[in-house]
Amino acid sequence: AVWGQCDICYATMILMSVYYLMDKKQIKSMIFFGLGLAFKLQVVFILPLFGFAWFRKSFKIRYFLIAFAVLILTFVPLWIGGANFATPFIPYGRQVGGYTSSINLNSTNMYAFFTLNNQAYNESTKLLSTFGMVLTVAVSFVLISVLSFRRVKVTPKSLFTVATFSVILVPFVMPHMHD
């Protein structure tokens, strides 16, 4: 609580988002995705699921506008309270750039095997970080493509399986993950 951890909150929102996607209620799914995003950026771990559903014509990309509208609505109380426009966006910048000095921070992902200088942001870390981000996108795209070209049907079971695989795969190949 001292650190302001809200993992259970964003995880619940992800579960609700997946549940409503499985129930073919995309708008509700995006409402919960947006609420999850309001808590923590880690909801992006589930993005390959929506890519799969979109590729199989079971989800429309425009629904993400709902998620972003919900996110913006969660900022309104801050703005009413007098915060400047940029204030609610600051935590997202910190989450993206907060762990760049190390390729891995005690996470059980593929970067646990690399021992780079954890004290300074050096060229090796920068290169491996760029590679890791490209790899994350590529692996996600390969997952979506394989499932789509194999004509995996969009069913609650396949959506749940892809969601589970996605939340395991993405943090495994994404750099700068922490325990």
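Excluded from the calculations below are hydrogen atoms, water molecules and symmetry mates; all remaining heavy atoms, backbone and side chain alike, are included. No experiment lies behind these values; they were computed from the predicted model shown.
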4.5 Å side-chain heavy-atom contact, Trp54 and Lys60: no
Phe85 and Trp79 aromatic ring geometry - parallel, tilted or perpendicular at 30°/60° bounds: parallel
Centroid separation Phe75 to Phe89 less than 6.0 Å: yes
Heavy-atom closest contact (Pro88 atom, Leu78 atom, distance): CB-CD1, 3.8 Å
Expected output: side-chain Ser148 to main-chain Ile144 donor-acceptor under 3.5 Å: yes
Taking every non-hydrogen atom, the tightest pair across Pro171 and Asn109: O-ND2, 3.2 Å
Nearest heavy-atom neighbours spanning Phe50 and Ser29: CE2-OG, 3.6 Å
Leu143-Val134 co-clustered via ILVMFWY side chain contacts under 4.5 Å: no
Heavy-atom side-chain contact between Tyr20 and Phe33 under 4.5 Å: no
Val18 vs Leu159, side chain to side chain contact (heavy atoms under 4.5 Å, CB included): CA-CA, chis, key distance, verdict: CA-CA 8 Å; Val18 172; Leu159 289 170; 5.5 Å; no
Flag side-chain contact, heavy atom, 4.5 Å: Lys157 against Phe160: no
Asp7 side chain near Lys40 side chain, heavy-atom distance below 4.5 Å: yes
Path from Ile168 to Val162 over hydrophobic side-chain contacts below 4.5 Å: no
Side chains of Ile46 and Ser17 in contact at under 4.5 Å (non-hydrogen atoms): no
Parallel, tilted or perpendicular: rings of Phe68 and Phe64 (30°, 60°): tilted
Heavy-atom check, side chain of Met174 versus side chain of Tyr111, under 4.5 Å: no
Side-chain heavy atoms of Val152 within contact of Phe52, under 4.5 Å: yes
Steps toward side chain to side chain contact (heavy atoms under 4.5 Å, CB included) verdict (Ser140, Val170): CA-CA 7 Å; Ser140 297; Val170 172; 4.0 Å; yes
Smallest separation among heavy atoms of Ile14 and Gln42, with atom names: CD1-O, 4.5 Å
Which atom of Pro156 lies closest to which atom of Met22, heavy atoms considered: O-SD, 3.4 Å
Exceeds 12 heavy-atom contacts within 6.0 angstrom, atom CD1 of Ile61: yes
Cluster overlap Phe165 with Phe141, hydrophobic side-chain contacts below 4.5 Å: yes
Neighbour count above 12 (heavy atom, 6.0 Å) for Tyr19 OH: no
Validation row: Pro175, Thr136 side chains within 4.5 angstrom (heavy atoms): yes
Met13/Val43 under side chain to side chain contact (heavy atoms under 4.5 Å, CB included): CA gap, chis, key distance, verdict: CA-CA 9 Å; Met13 299 303 134; Val43 298; 5.7 Å; no
Trace of the side chain to side chain contact (heavy atoms under 4.5 Å, CB included) decision for Met16 with Lys28: CA-CA 9 Å; Met16 294 303 296; Lys28 286 184 179 180; over 6 Å; no
